[in-house]
Each structure stands twice: as structure tokens, then as C-alpha cells.
There are 2 protein chains.
Amino acid sequence: MKNKIKAIRKKLGITQEQLAEDCGVVRQTINCIENNKYDPTLELAFKLSKTLNVKVDELFIYE
Amino acid sequence: MKNKIKAIRKKLGITQEQLAEDCGVVRQTINCIENNKYDPTLELAFKLSKTLNVKVDELFIYE
DNA sequence: TTATTATGTCCAAAGTTCTTGACATATTCA
DNA sequence: TGAATATGTCAAGAACTTTGGACATAATAA
């Protein structure tokens, strides 16, 4: 599963650290997800979507 | 996190077993998710959405 | 250049999801 | 009513996500 987190985060001008804080996780978690080490939980996917102002269906690309 | 899986599944007239097969998981997994024992992984959330013909953002209610 | 900030990566532990196998109850139907 | 199908639940273990701490490199700014 791919995602647009890094691109949207940069467009918003925030760091991995800031995004992590907003979502209640640590920086490494954001880093791993952006670099496709693993997918977030559904709950974190929703938090990321909310913080980045996009739908889950837009933020993640399934297939 | 709540979801509309049971309602949509029944509207489509399929069993937990059939939905499970379509999504590549076992029946207990569907049962647990419908009854809020735990949330699905993001990947399974997308599979469920695809099978039930709704967006992830519609199928799951965050907050 | 030097200091600071941001990002990438590693490891082990803790927590969550999913499976397998099984059994109980509920629902449907002949 | 009895048989078959559907749903609910349990427990142990495998697989995956997240954390905390640490260190390396990259990028930015003074």
C-alpha cells in the first residue's frame, strides 16, 4: 500500500516530528510509514488523514 | 472506531463467511470487527470497502 | 565552517490483529 | 420438530505495528 503522506506533509510545511505529535505517535512511526516499512493501523490512518486534511481513500493508494 | 459493516453486509444479503472469503480472512475476523472487538488493519479495511462497495471513509466512523 | 534541525535506521519490548480449532447458541427451513 | 446454516465466543500462537533509546547522515541556517 502506497501513500501520499510525505508529499502532503511537505506541502503543508510541517516536519515528521510535528505530524507525529499531532497524531499522538513518535517520529519513527511517521518515518516508517512514509518510507513504506509498514502500514499504519486504521486508527492512525484516520488521524493522519484528519491532520493532513484529506480523506483516507485519498491519502492511501490500495492496489 | 465504529463501522457499518454488518448493516451493509446484510443489505447485500451475504454472510460473514462469504464476506470473509471475499476479503481473504476467516469468519471470526469479520465477526470480531463487526462486533467491535478490534479494528481491522488498514489493508483489510480497504478490502472490506471494496467488497462492500463503499469508501473507507464511509464504512468506518472515526470519532 | 559550525551549530542546529530534520531525516533515516537499528534493536528489543510491548501491544494489536489474525489464524486455527473448537464448541455454544441462534436462526432458518424442510 | 429436527437438520442445516449462521453467528458468537474462547484460547494460544503467529504476524504486524508502535515505542523508546540511540546513533548516523543530510539539510539548513548563523
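Letters A, B, ... are given to chains in the order of the sequence lines, protein chains preceding strands, and every chain is numbered from 1. None of the values given here were measured: they were computed from a predicted structure.
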Starting from [atom2] on [N], measure out to [atom1] on [X] and report it in whole angstrom.
X     : N      : atom1 : atom2 : result
A:M1  : D:dT17 : CE    : P     : 10 Å
B:E43 : D:dA15 : CD    : P     : 16 Å
A:E34 : C:dT7  : CD    : P     : 8 Å
A:F46 : D:dT17 : CZ    : P     : 17 Å
B:N3  : C:dT17 : CG    : P     : 13 Å
B:L19 : D:dT5  : CG    : P     : 20 Å
B:L44 : C:dT16 : CG    : C1'   : 14 Å
B:Q16 : D:dT7  : CD    : C1'   : 5 Å

Under 3.5 Å: donor-acceptor pair, side chain of B:D57, backbone of A:V56: yes

By the 4.0 Å heavy-atom rule, please label [X] as base, sugar-phosphate, or nothing.
X     : result
A:T15 : sugar-phosphate
B:K10 : nothing
B:V25 : sugar-phosphate

[X] side chain near [N] phosphate (N/O to OP1/OP2, under 4.0 Å):
X     : N      : answer
B:R9  : D:dT7  : yes
A:K37 : C:dC11 : no
B:T41 : D:dT17 : no
B:N31 : D:dG8  : yes
B:N35 : D:dG8  : yes

Side chains of A:I61 and A:K4 in contact at under 4.5 Å (non-hydrogen atoms): yes

Result of checking B:I5, B:V25, B:L19 against B:I33 for side chain to side chain contact (heavy atoms under 4.5 Å, CB included): B:I5

A:G24 or A:R27, whichever maps to the more 5' nucleotide of DNA chain D: A:G24

Enclosure of A:K6 NZ (heavy-atom neighbours >12, cutoff 6.0 Å): yes

Residues B:E21 and B:R27 bridged, charged N to O under 4.0 Å: no

